[in-house]
Amino acid sequence: MQPDKTGPNPKATILVVDDTPENLTLMNNLLKDHYKVKVATNGENALKIGYSDSPPDLILLDIMMPGMDGYEVCRRLKNSPLSSHIPVIFLTAKSEMEDEKKGLELGAADYITKPISPPIVLARVKNHLALKVLSDILQEKNTELALAKTFAEKANLAKSEFLSSMSHELRSPLHAILGFSQLMASDLTPTHANQKESIEHILKAGWHLLHLIDEILDLAKIESGQIPLSLEAVSLSEIMLECQSMTEHTAKEKGIQIVFPVFKQPCYVNGDWTRIKQILLNFLSNAIKYNCKNGRVDVDYSTPTPGRVRVSIQDTGDGLSPDQITQLFMPFNRLGQESSGTEGTGIGLVVAKQLVELMGGSVSVESTVGEGCIFQFELDEVDAPDSETEVQTTELIPSTRLQEKQEHTLLYIEDNPANMQLIRLIIARSPELHLLTAVDGLSGIALAIEALPAVILMDINLPDINGVEALQILRANPATQHIPVIALSANAMPPDIQKAMNAGFYRYVTKPIIVTEFIEILNMALQFAASEMNTQNGES
């Protein structure tokens, strides 16, 4: 921070520029008790002092001087980054309005005409020096803010890259664990009872670990402001219906009855469809997990105030004490449930609360020990969309097996042997499919041009060129541009997925895969490839 040079220590420096010795003597006597005074008798010397390593804090400048006049001196001072910050006060006998106007337009801070009034000169000098100190402080703060912004942007970029890397590195081994376990669980070969139970434990632990990874990444993205939200009018009845179908089976297994509201009229809230669904599923999951035997979950909605919609999820569990409620939204705090045998991460509620708040809403909890909890979240109510967009489905929802026993060639470009073996075993279950493999992008491109497979499966992180670059080469070649390419990658961050889809991938499947869903996507791609081939044959 700049020192306060308006005080006695240290003194501010004032440069007086005038070619008349009497004027210089007068100004020196007036200022010397309060400030350090420098003098210059012409414009050239004034500029040297202004550009020096020890420039003055303020300049008193005469206009009428031999050689370079005061106007030109002011213009040059204001055009130089070395001296543009120095306030200039014209001190001159030129008293015409046009003269004053010209001086102020050149950037002067003030204009004083001779003969001077000493108290007025001292007051104006003091005011402009005070303003300069404030300006210097502001400039310093702006510089600090600019540096802090740059640092924050670099930190956010580093954090984003770290999250992307961690997501990839954690998902890659889980892809093999869950993939092979799913194959073993669905294998036609009978297994011993203890083997089947072991596989179920592996799958349960694996999916729980994946859920934990996703929630940690979500929390980190929220905290760094990197979570994308697409706010729109979301139908509450439709989203509840979808959540109902996703939770009924789990509730039934635990003997929990879930009651959802009946909507007598449409109700829309402002939010992101996917995130509202995530929030509601989180509250429902907790209400089911921590309920009592043969308990009940009541889901309802209301409009407590105009323009707001409140969704409530009430359970019949053990309830929470006031002290537990205060700790409820602390990351990784499971409120003593760690040894209960009930799976949980201690992150879901934290993520749900922050997502609600990012959408302009709020979360509240009411509870009575022994009677259960009521979790509530509010969002802004909005009007229904002007027109409901009718979704035209051009692709059939496929089964987990091909409907036609037609032979197809697939190409999988992947450098990880375990991932390659997993897909090879999945494809081997369909005798009509023939799988070709390549371990890097360039050899995969060469094999695609030679074999012209029906569908290409492609990892994004390849040892030579990445999957997006490989896709661009395939799209540029007339022989391969029509082949649907499915990205199969452990890069699960939204920007990675969006970049790949923008590049032209047919679908993007994140690892670890759900085998049945992967087969469905593969069937859709094969149907699409057959349709494209028929179109090409019809045109030829």
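The first residue of the sequence shown is numbered 1, and numbering continues consecutively from there. Quantities reported herein were computed from a predicted structural model and do not represent experimental measurements.
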**Student:** Roughly how far, to the nearest 0.5 Å, is CG of Leu379 from CD1 of Ile279?
**Tutor:**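 Here the interatomic distance stands at 6.5 Å.
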**Student:** About how many Å separate CD of Glu100 and CD1 of Ile112, when rounded to the nearest 0.5 Å?
**Tutor:**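 Answer for the CD1-CD pair, Ile112 versus Glu100, is 10.0 Å.
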**Student:** When you compare the side chain of Tyr268 with that of Val309, does any pair of heavy atoms fall below 4.5 Å?
**Tutor:**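 No; the side chains remain at least 4.5 Å from each other.
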**Student:** Going by atom types only, do Asn502 and Gln498 share a side-chain donor-acceptor pair under 3.5 Å?
**Tutor:**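 Looking only at side-chain atoms, Gln498 and Asn502 do form a donor-acceptor pair, the distance falling under 3.5 Å.
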**Student:** Please check if any side-chain donor atom of Gln472 sits under 3.5 Å from a side-chain acceptor atom of Arg475, or the reverse.
**Tutor:**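 Result is no, nothing qualifies.
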**Student:** Looking at Ser302, is its backbone amide N or carbonyl O close enough to the side chain of Arg310 to form a donor-acceptor pair, meaning the two atoms are under 3.5 Å apart?
**Tutor:**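 No: the side chain of Arg310 does not pair with the backbone of Ser302.
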**Student:** Can you confirm whether Met359 sits close enough to Leu229 that some side-chain heavy atom of one is under 4.5 Å from a side-chain heavy atom of the other?
**Tutor:**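 Heavy-atom side-chain distance check passes, below 4.5 Å.
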**Student:** Short question: side chain of Asp464, backbone of Leu442 - any donor-acceptor pair under 3.5 Å?
**Tutor:**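 Side chain of Asp464 to backbone of Leu442, a donor-acceptor pair under 3.5 Å: yes, one is there.
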**Student:** Please evaluate residues Val17 and Val73 with respect to the criterion side chain to side chain contact (heavy atoms under 4.5 Å, CB included), reporting the C-alpha separation (whole Å), side-chain torsions for both, the decisive distance (0.1 Å), and the verdict.
**Tutor:** CA-CA 10 Å; Val17 186; Val73 174; 5.7 Å; no
**Student:** May I have the step-by-step check of salt bridge (charged side-chain N to carboxylate O under 4.0 Å, His left out) for Glu357 and Lys353, ending in yes or no?
**Tutor:** CA-CA 6 Å; Glu357 291 172 351; Lys353 181 176 184 290; 2.6 Å; yes
**Student:** What I'd like to find out is whether the side chain of His175 reaches to under 4.5 Å of the side chain of Ile513, using heavy atoms alone.
**Tutor:**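 Touching, per the 4.5 Å side-chain cut-off.
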**Student:** Mind listing the closest non-hydrogen atom pair of Glu378 and Pro304 along with its distance?
**Tutor:**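 What the structure gives for the nearest pair is OE2-CG, 3.7 Å.
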**Student:** Could you give me the CA-CA distance, side-chain angles and deciding distance for Ile313 and Val311, then say whether side chain to side chain contact (heavy atoms under 4.5 Å, CB included) is met?
**Tutor:** CA-CA 7 Å; Ile313 301 94; Val311 178; 4.2 Å; yes
**Student:** Can you measure from CD1 (Ile460) to CG (Asp496) and round to the nearest 0.5 angstrom?
**Tutor:**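 Answer for the CD1-CG pair, Ile460 versus Asp496, is 8.5 Å.
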**Student:** With a 4.5 Å heavy-atom cut-off, do Phe283 and Val363 have their side chains touching?
**Tutor:**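 Yes - at least one pair of side-chain heavy atoms lies under 4.5 Å apart.
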**Student:** Using only atom types and a distance under 3.5 Å, with no angle test, would you say the side chain of Ser80 pairs donor to acceptor with the backbone of Leu82?
**Tutor:**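 Flag set: sc Ser80 to bb Leu82 pair under 3.5 Å.
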**Student:** Set out, in order, the CA-CA distance, both residues' side-chain angles and the distance that settles side-chain hydrogen bond (donor to acceptor under 3.5 Å, both in side chains) for Gln327 and Asp323, then state yes or no.
**Tutor:** CA-CA 7 Å; Gln327 304 175 55; Asp323 182 57; 2.9 Å; yes
**Student:** Any salt bridge between Arg75 and Glu72, counting N to O under 4.0 Å?
**Tutor:**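 Between Glu72 and Arg75 there is a salt bridge, with a charged N closer than 4.0 Å to a carboxylate O.
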**Student:** When you look at CG of Asp383, are more than 12 heavy atoms from neighbouring residues, nucleotides or ligands closer to it than 6.0 Å?
**Tutor:**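 Result for CG/Asp383: open.
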**Student:** Got more than 12 heavy atoms from elsewhere within 6.0 Å of NZ, Lys36?
**Tutor:**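 No, the 6.0 Å shell around NZ holds no more than 12 heavy atoms from other groups.
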**Student:** Considering all heavy atoms of both residues, which atom of Asp57 and which atom of Leu129 are nearest to each other, and what is their separation?
**Tutor:**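 For Asp57 versus Leu129, the nearest heavy atoms are CB-CD2, 3.7 Å.
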**Student:** Quick one: do Lys94 and Asp69 make a salt bridge, cutoff under 4.0 Å?
**Tutor:**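 Between Asp69 and Lys94 there is no salt bridge, as every charged N stays at least 4.0 Å from the carboxylate O atoms.
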**Student:** Any idea how Phe90 and Tyr111 line up, ring-wise: parallel (<30°), tilted (30 to 60°), or perpendicular (>60°)?
**Tutor:**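 Ring orientation, 0 to 90° scale: tilted.
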**Student:** Grab the two heavy atoms, one from Gln376 and one from Ser312, that are nearest each other, plus how far apart they are.
**Tutor:**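 Reported closest heavy-atom pair: CG-CB, 3.7 Å.
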**Student:** What I'd like to find out is whether the side chain of Arg124 reaches to under 4.5 Å of the side chain of Asn127, using heavy atoms alone.
**Tutor:**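 In short, these two side chains do not touch, never coming nearer than 4.5 Å.
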**Student:** For a 4.5 angstrom cut-off between non-hydrogen side-chain atoms, does Gln139 reach Thr143?
**Tutor:**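 SC-SC contact between Gln139 and Thr143 confirmed.
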**Student:** Between Ser54 and Ser52, does the side-chain hydrogen bond (donor to acceptor under 3.5 Å, both in side chains) criterion hold? Intermediate values first, please.
**Tutor:** CA-CA 5 Å; Ser54 300; Ser52 70; 5.4 Å; no
**Student:** I need the minimum non-hydrogen distance between Ile86 and Gly50, along with the two atoms involved.
**Tutor:**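 Closest approach of Ile86 to Gly50, heavy atoms only: CD1-O, 4.0 Å.
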**Student:** Answer whether the closest heavy-atom distance between the side chains of Asp62 and Thr92 falls below 4.5 Å.
**Tutor:**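 Answer yes - side chains close enough.
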**Student:** Could you grab the distance from atom OG of Ser489 to atom CG of Leu462, nearest 0.5 Å is fine?
**Tutor:**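 CG of Leu462 is found 9.0 Å from OG of Ser489.
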**Student:** Do side-chain atoms of Lys289 reach the backbone of Leu284 as a donor and acceptor pair under 3.5 angstrom?
**Tutor:**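 Checking the backbone N and O of Leu284 against the side chain of Lys289, no donor-acceptor pair under 3.5 Å is found.
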**Student:** Thr510 side chain to Ala490 main-chain N or O, any donor-acceptor pair under 3.5 Å?
**Tutor:**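 A pair under 3.5 Å: no.
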**Student:** Any side-chain heavy-atom pair from Ile116 and Leu30 closer than 4.5 angstrom?
**Tutor:**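 They are in side-chain contact.
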**Student:** If we ignore hydrogens and angles and just use 3.5 Å, is the side chain of Ser135 paired with the main-chain N or O of Leu131 as donor and acceptor?
**Tutor:**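 Looks like no, no N/O pair under 3.5 Å.
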**Student:** Under 3.5 Å, is there a donor-acceptor pair between the side chain of Ser285 and the main chain of Leu281?
**Tutor:**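 Not at all, since once roles are kept as given, no pair shorter than 3.5 Å links the two residues.
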**Student:** Just verifying a value: how many Å separate Thr316 OG1 and Asn291 CG, rounded to the nearest 0.5 Å?
**Tutor:**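 With rounding to 0.5 Å, OG1 (Thr316) is 3.5 Å from CG (Asn291).
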**Student:** Just wondering, are more than 12 heavy atoms of other shown residues or ligands nearer than 6.0 Å to CD in Gln481?
**Tutor:**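 Atom CD in Gln481 is packed in, count exceeds 12.
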**Student:** Step by step, would you call Gln314 with Asp300 a side chain to side chain contact (heavy atoms under 4.5 Å, CB included)?
**Tutor:** CA-CA 9 Å; Gln314 182 172 4; Asp300 206 353; over 6 Å; no
**Student:** At their closest point, which heavy atom of Thr20 faces which heavy atom of Glu22, and how far apart are they?
**Tutor:**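 Result for this residue pair: CG2-OE1, 3.1 Å.
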**Student:** Compute whether any side-chain donor of one residue and acceptor of the other, for Ser230 and Asp272, lie under 3.5 angstrom apart.
**Tutor:**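 No, Asp272 and Ser230 have no side-chain donor paired with an acceptor closer than 3.5 Å.
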**Student:** Treating Asp110 as the side-chain partner and Ile89 as the backbone partner, does any N or O pair qualify as donor plus acceptor under 3.5 Å?
**Tutor:**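 No: the side chain of Asp110 does not pair with the backbone of Ile89.
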**Student:** How about NZ on Lys114, more than 12 heavy atoms from neighbouring residues, nucleotides or ligands closer than 6.0 Å, or not?
**Tutor:**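 For Lys114, atom NZ is crowded (more than 12 foreign heavy atoms under 6.0 Å).
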**Student:** Please determine whether side chain to side chain contact (heavy atoms under 4.5 Å, CB included) holds for the pair Leu328 and Leu320, giving the CA-CA distance in whole Å, both sets of side-chain angles, and the decisive distance to 0.1 Å.
**Tutor:** CA-CA 9 Å; Leu328 192 58; Leu320 299 170; 3.9 Å; yes
**Student:** How close do Ser235 and Trp273 get, counting heavy atoms only, and between which atoms?
**Tutor:**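 Closest approach of Ser235 to Trp273, heavy atoms only: O-CZ3, 4.1 Å.
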**Student:** Distance from Cys243 atom SG to Leu280 atom CG, nearest 0.5 Å?
**Tutor:**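 Answer rounded to 0.5 Å: 4.0 Å.
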